[in-house]
Amino acid sequence: MFLQSLQFSWFVGHILTLVGTLFYAISLVTFHPSAKPYKIAYLGASVSYGVVIYKTHGFEASQTYAQRLMQDENFQYLLLALFWFFSQPVEVSLIPFATFSLFHALGYVRQQVIPTVFPVPRSNNASPATWQARTQQRIKVWTDKNYGAAMRFVATAEVTIIMPRLILGLFKLRFMPIMLYSHFLRIRYHLSTYTRQAFTELRVSLDHALLPPTAHPSIPAIVGQVYTNLKAMAIKFGESIVQRQPAPGQPQ
């Protein structure tokens, strides 16, 4: 029974993430922010990524196992989900989780929910005109068409929206989110071409804006020097090599 499978728990986790994100967004735009749907979203994310980790690695108490987990992008997302769950809400942090959950949930609906809950009568098995087949095809076409753009959007949000939002937290002496997220982005840089592209685009934009000969004359030279030093530090920090793992949030 698919309701009793680990994959169904994974699906429920993604649904909770989507529902929690939706209601949290509504609470923000109506100026009545509530942390409860935010927590629900990250509870769902923790469940779905926990299932992925269990199905991929199982469980064992060993140093090798711990090293494999730390190099797994899905485990990094699980750590982030748990951290955000127990921390004060950071609104934009939900962007990647909700985006991944949307695509994974649609895939599960197409592959499992429709065939199981709405099976095609035997007499129509070969007919491509059933509403089930049409719906499944529409979902597939939409996800295939938009997946690349969605992954680029996630990578850009992680680099240029979430990280700057966390940097603002330094004014409140919140250092742990910066440390955790910096490590996460370092792993993402090595595992994701989309993240590397997002960093490259950010570097090109900042180089153009802050460094001669393209920088505006009103920008002091010290700004370019500070930026160059910070860029060198970031590059050095990101030089570690990690092993490639399955796509985030997808069980094997």
Is there a side-chain contact between [X] and [Y] in this structure, where contact means two heavy atoms from C-beta onward sitting under 4.5 Å apart?
X: Q112; Y: F11; value: no
X: V113; Y: Y108; value: yes
X: L94; Y: Y24; value: yes
X: L185; Y: F199; value: yes
X: Y77; Y: R188; value: yes
X: W142; Y: L106; value: yes
X: F86; Y: Y42; value: no
X: L78; Y: N74; value: no

Honestly curious: do [X] and [Y] fall in one hydrophobic cluster under the side-chain, below-4.5 Å linking rule?
X: V204; Y: M163; result: no
X: V90; Y: M179; result: no
X: I235; Y: L206; result: no
X: M233; Y: Y189; result: yes

To the nearest 0.5 Å, what is the distance between [atom1] on [X] and [atom2] on [Y]?
X: Y49; Y: Q76; atom1: OH; atom2: CD; result: 12.0 Å
X: W10; Y: I15; atom1: CH2; atom2: CD1; result: 10.0 Å
X: L69; Y: I53; atom1: CG; atom2: CD1; result: 6.0 Å
X: K231; Y: L211; atom1: NZ; atom2: CG; result: 5.5 Å
X: F103; Y: I139; atom1: CZ; atom2: CD1; result: 12.0 Å
X: R152; Y: S192; atom1: CZ; atom2: OG; result: 11.5 Å

**Prompt:** Are F59 and Y54 near enough that their ring centres are under 6.0 Å apart?
**Reply:** no
**Request:** Kindly state whether the ring of F118 and the ring of W131 have centres lying under 6.0 angstrom apart.
**Result:** yes
Tell me whether [X] contacts the main-chain N or O of [Y] through its side chain, where contact means a donor paired with an acceptor under 3.5 Å.
X: E158; Y: T195; value: no
X: T17; Y: A45; value: yes
X: H32; Y: T30; value: yes
X: H190; Y: G238; value: yes
X: Q136; Y: R110; value: yes

Do you know which two heavy atoms are closest between [X] and [Y], and how far apart they sit?
X: A98; Y: L18; result: O-CD2, 3.4 Å
X: T214; Y: H208; result: OG1-O, 2.7 Å
X: H14; Y: S101; result: ND1-OG, 2.8 Å
X: S46; Y: L82; result: OG-CD2, 3.4 Å
X: S27; Y: S34; result: OG-N, 3.4 Å
X: S9; Y: V51; result: CB-CG2, 4.3 Å

Contacts of type salt bridge (Lys or Arg N to Asp or Glu O under 4.0 Å), residue [X], not counting sequence neighbours:
X: E201; answer: none
X: K140; answer: D144
X: R203; answer: D207

**Asked** Hey, mind stepping through S93 and Y181 against side-chain hydrogen bond (donor to acceptor under 3.5 Å, both in side chains) and telling me if it holds?
**Response** CA-CA 10 Å; S93 68; Y181 204 74; over 6 Å; no
**Prompt:** Which residues, ordered by chain and number, are linked to L22 in its hydrophobic cluster, where ILVMFWY side chains connect at heavy-atom gaps below 4.5 Å, directly or through other members?
**Reply:** I26
Verify the neighbour count for atom [atom1] of [X]: are there more than 12 heavy atoms of other residues, nucleotides or ligands below 6.0 Å?
X: Q63; atom1: CD; result: no
X: F23; atom1: CZ; result: no
X: Q88; atom1: CD; result: no

Side-chain donor-acceptor pairs under 3.5 Å in residues 216-226, sequence neighbours left out?
from : atom 1 : to   : atom 2 : distance (Å)
H216 : ND1    : S218 : N      : 3.0
H216 : ND1    : S218 : OG     : 2.7

**Asked** Just checking, any donor-acceptor pair under 3.5 angstrom between side chains of Q7 and S5?
**Response** no
**Asked** In chain order, what residues pass the side-chain hydrogen bond (donor to acceptor under 3.5 Å, both in side chains) check against N146, with sequence neighbours excluded?
**Response**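 In terms of side-chain hydrogen bond (donor to acceptor under 3.5 Å, both in side chains), with neighbours along the sequence ignored, N146 is linked to no residue.
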